[in-house]
Amino acid sequence: MELSKRLQQLPPQFFASLVQKVGAAVAQGRDVINLGQGNPDQPTPPHIVKALQIAAENPVTHKYSPFRGISELKEAAAAFYKREYNVDIDPLTEVAVLFGTKIGLVELPMAVLNPGDWMLLPDPGYPDYMSGVMMADVNYETLPLIAENNFLPDFNMLSEESKERAKLMYLNYPNNPTGATADLEFFNETVAFAKENGIAVSHDFAYGAIGFEGIKPVSFLQADGAKDIGIEMYTLSKTYNMAGWRVGFAVGNAQIIEALNLIQDHMFVSLFPAVQHAAVAALNDNQTCVQELVDSYEKRRNVFIDACNRIGWQVEAPQGSFFAWLPVPAGYTSQSFADRLLNEADVAVAPGNGFGEFGEGYIRVGLLVDEDRLEEAVQRISKLDIF
Ligand SMILES: Cc1ncc(COP(=O)(O)O)c(C=O)c1O
């Protein structure tokens with residue numbers, strides 16, 4: 001049977017080939033240090049696991065969830081935003097519970113755009129944004145993120161036509177893959193730009209908890225008037241090492257949230273209630289686990305970046321997220337450098353071109369192995385005598 005046109009136009013999963021190459025190397029018995037992925041390596045904090053166990057033993061959680069999620073989770077999301085960012089959220093109208101934010105990012109264009117409409121996407125950016133574009137059959141234009149501009153988009157670069165036709169924009173800080181962060185001034189500018197041009201904004205705050213040197217990443221909703229035009233997607237995957245649990249939420253503009261809830265009414269019956277109760281525990285209970293996690297990523301970052309600079313690889317430390325975005329040496333492309341590291345040093349990294357045209361010339365390293373392995377990865381690279 002032929003696949004639908006919609007499925008036929010889906011982009012190839014760029015990272016499938018990386019997974020395949022790493023798998024083949026491991027199958028040969030090679031000790032690959034895998035820095036290519038974005039999967040948190042540490043376990044979910046025990047009090048959250050306990051909350052799931054307790055909730056799963058209560059037969060009430062074995063029934064269907066309310067369509068739009070349990071009220072406790074929406075209230076916890078609102079309380080979290082008040083406590084962490086001093087942002088007021090109405091749990092009834094301004095929260096959509098999500099099976100992780102990937103689904104929210106993919107379904108949002110289907111919920112608020114019509115086929116042929118235009119949206120703006122960061123480049124480099126999280127590859128699944130493109131899946132949303134293709135599923136909704138919309139057009140996109142990229143916002144280049146370059147080092148000279150601290151990996152923030154320059155809205156002045158857009159033509160009048162682009163500004164006029166764009167209806168939705170995705171942003172993501174702390175940024176995957178560049179590790180850059182945004183400040184409140186940038187988000188205020190974004191709100192002004194979006195209002196002037198009638199563009200809705202969805203800010204992907206997946207790495208919202210992970211900022212270094214004591215700097216807490218800013219929420220887009222802290223910008224004046226952000227809720228008039230935008231939403232923010234927040235996942236528990238990174239903040240609480242809950243990637244496999246599939247739980248997150250969107251908060252902000254009530255009309256956009258209603259659109260997300262409406263499309264979800266027709267696709268899901270929300271999450272397993274016990275997972276929702278565990279998410280409530282994660283958001284409401286002691287947050288020491290989050291600080292410990294950020295500290296561990298910061299230590300890894302420092303060890304890795306220092307080691308790179310010691311071998312003569314001039315790289316910048318990320319300000320947030322758990323990724324480092326490293327320029328490839330002269331004479332290499334992202335792909336040829338990544339291939340050389342895997343083939344000759346048994347170090348897997350993600351080639352930057354997989355994140356978009358403006359990712360060419362970089363590789364992305366996930367700080368998702370312990371410090372010893374990060375040191376060893378750089379040592380192996382140093383033996384290639386590239387730097
Ligand atoms: C930038 C970004 N956004 C969203 C996600 C999706 O996270 P989840 O679906 O687990 O909430 C990821 C996951 O890696 C990510 O890197």
Side-chain angles (χ1 to χ4, degrees), residues 13-16 18-19 34-42 44 48 69 73 77 80 95-109 121-133 135 142-143 145 151-153 169-182 201-211 217 219-220 231-251 260 264 267-268 270-272 275-276 278-279 282-283 293 297 318-325 350 352 354-356 358-359 364-368:
Q13 271 287 2
F14 184 87
F15 291 100
L18 176 66
V19 170
N34 192 351
L35 309 178
Q37 292 177 345
N39 207 344
D41 60 310
Q42 297 177 68
T44 306
I48 302 172
L73 179 51
F80 175 85
V95 181
V97 174
L98 304 171
F99 276 94
T101 45
K102 170 172 171 161
I103 183 65
L105 293 160
V106 174
E107 72 197 357
L108 181 60
L121 292 180
D123 178 353
Y126 177 56
D128 288 346
Y129 299 152
M130 207 58 85
S131 312
V133 165
M135 293 293 253
T142 56
L143 297 166
L145 309 184
F151 299 108
L152 296 170
M169 166 164 62
Y170 278 5
L171 292 173
N172 161 228
Y173 294 97
N175 183 257
N176 176 10
T178 66
T181 54
V201 176
S202 175
H203 180 239
D204 176 356
F205 208 26
Y207 300 91
I210 311 171
S219 158
F220 171 67
I231 62 165
E232 186 156 84
M233 304 239 184
Y234 197 95
T235 179
L236 278 69
S237 296
K238 324 285 171 169
T239 310
Y240 303 103
N241 290 327
M242 292 173 72
W245 299 54
R246 313 310 305 135
V247 53
F249 54 87
V251 281
L260 280 177
Q264 297 204 141
M267 292 185 14
F268 313 115
S270 201
L271 290 61
F272 177 28
V275 167
Q276 297 187 59
L283 295 168
L293 185 66
Y297 288 138
Q319 299 164 304
S321 84
F322 47 54
F323 297 113
W325 186 238
F355 301 93
F358 287 85
R364 190 194 72 179
V365 159
L367 303 169
L368 299 168

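Both counts, for ligands and for their atoms, begin at 1 and track the order of listing. From a predicted model like this one, the values you see are computed outputs, not experimental measurements.
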Just to confirm my output: which protein heavy-atom neighbour is closest to [atom], and how far is it?
{"atom": "atom 10 (O) of ligand 1", "result": "S237 OG, 2.6 Å"}
{"atom": "atom 7 (O) of ligand 1", "result": "T101 OG1, 3.4 Å"}
{"atom": "atom 16 (O) of ligand 1", "result": "Y207 OH, 2.7 Å"}

Test item: [X] side-chain N/O and [Y] main-chain N/O as donor-acceptor pair under 3.5 Å:
{"X": "D123", "Y": "F358", "answer": "yes"}
{"X": "N172", "Y": "P174", "answer": "yes"}
{"X": "E232", "Y": "V251", "answer": "no"}

query: For N176 and ligand 1, does the shortest N/O to N/O distance drop below 3.5 Å?
result: yes
With a cut-off of 4.0 Å, which atoms of ligand 1 are near a heavy atom of [X]?
{"X": "N172", "result": "1 (C)"}
{"X": "T235", "result": "8 (P), 10 (O), 11 (O)"}
{"X": "G100", "result": "9 (O), 11 (O)"}

Name the option, out of [options], that contains the heavy atom nearest to [atom].
{"atom": "atom 14 (O) of ligand 1", "options": "K238, K102, R246, M242", "answer": "K238"}
{"atom": "atom 3 (N) of ligand 1", "options": "I103, D204, L98", "answer": "D204"}
{"atom": "atom 5 (C) of ligand 1", "options": "Y126, Y170, Y234, Y173", "answer": "Y126"}

field: Trace of the side-chain hydrogen bond (donor to acceptor under 3.5 Å, both in side chains) decision for N175 with Y173
entry: CA-CA 4 Å; N175 183 257; Y173 294 97; 4.9 Å; no
message: Taking a cutoff of less than 4.0 Å between a non-hydrogen atom of the residue and any ligand atom, is D128 in contact with ligand 1?
response: no
query: Just heavy atoms, cut-off under 4.0 Å: does L236 contact ligand 1 by side chain, backbone, both, or neither?
result: neither
- prompt: So is R364 actually on top of F323's ring, under 6.0 Å and inside 45° of the axis?
  reply: yes
query: What orientation do Y129 and Y170 show, parallel under 30°, tilted 30 to 60°, or perpendicular over 60°?
result: perpendicular
field: Test side-chain contact (heavy atoms from CB on, under 4.5 Å) applied to V247 and L236, step by step
entry: CA-CA 6 Å; V247 53; L236 278 69; 4.2 Å; yes
query: Going by distance alone, is a donor N or O of one side chain under 3.5 Å from an acceptor N or O of the other, for T239 and Y234?
result: yes
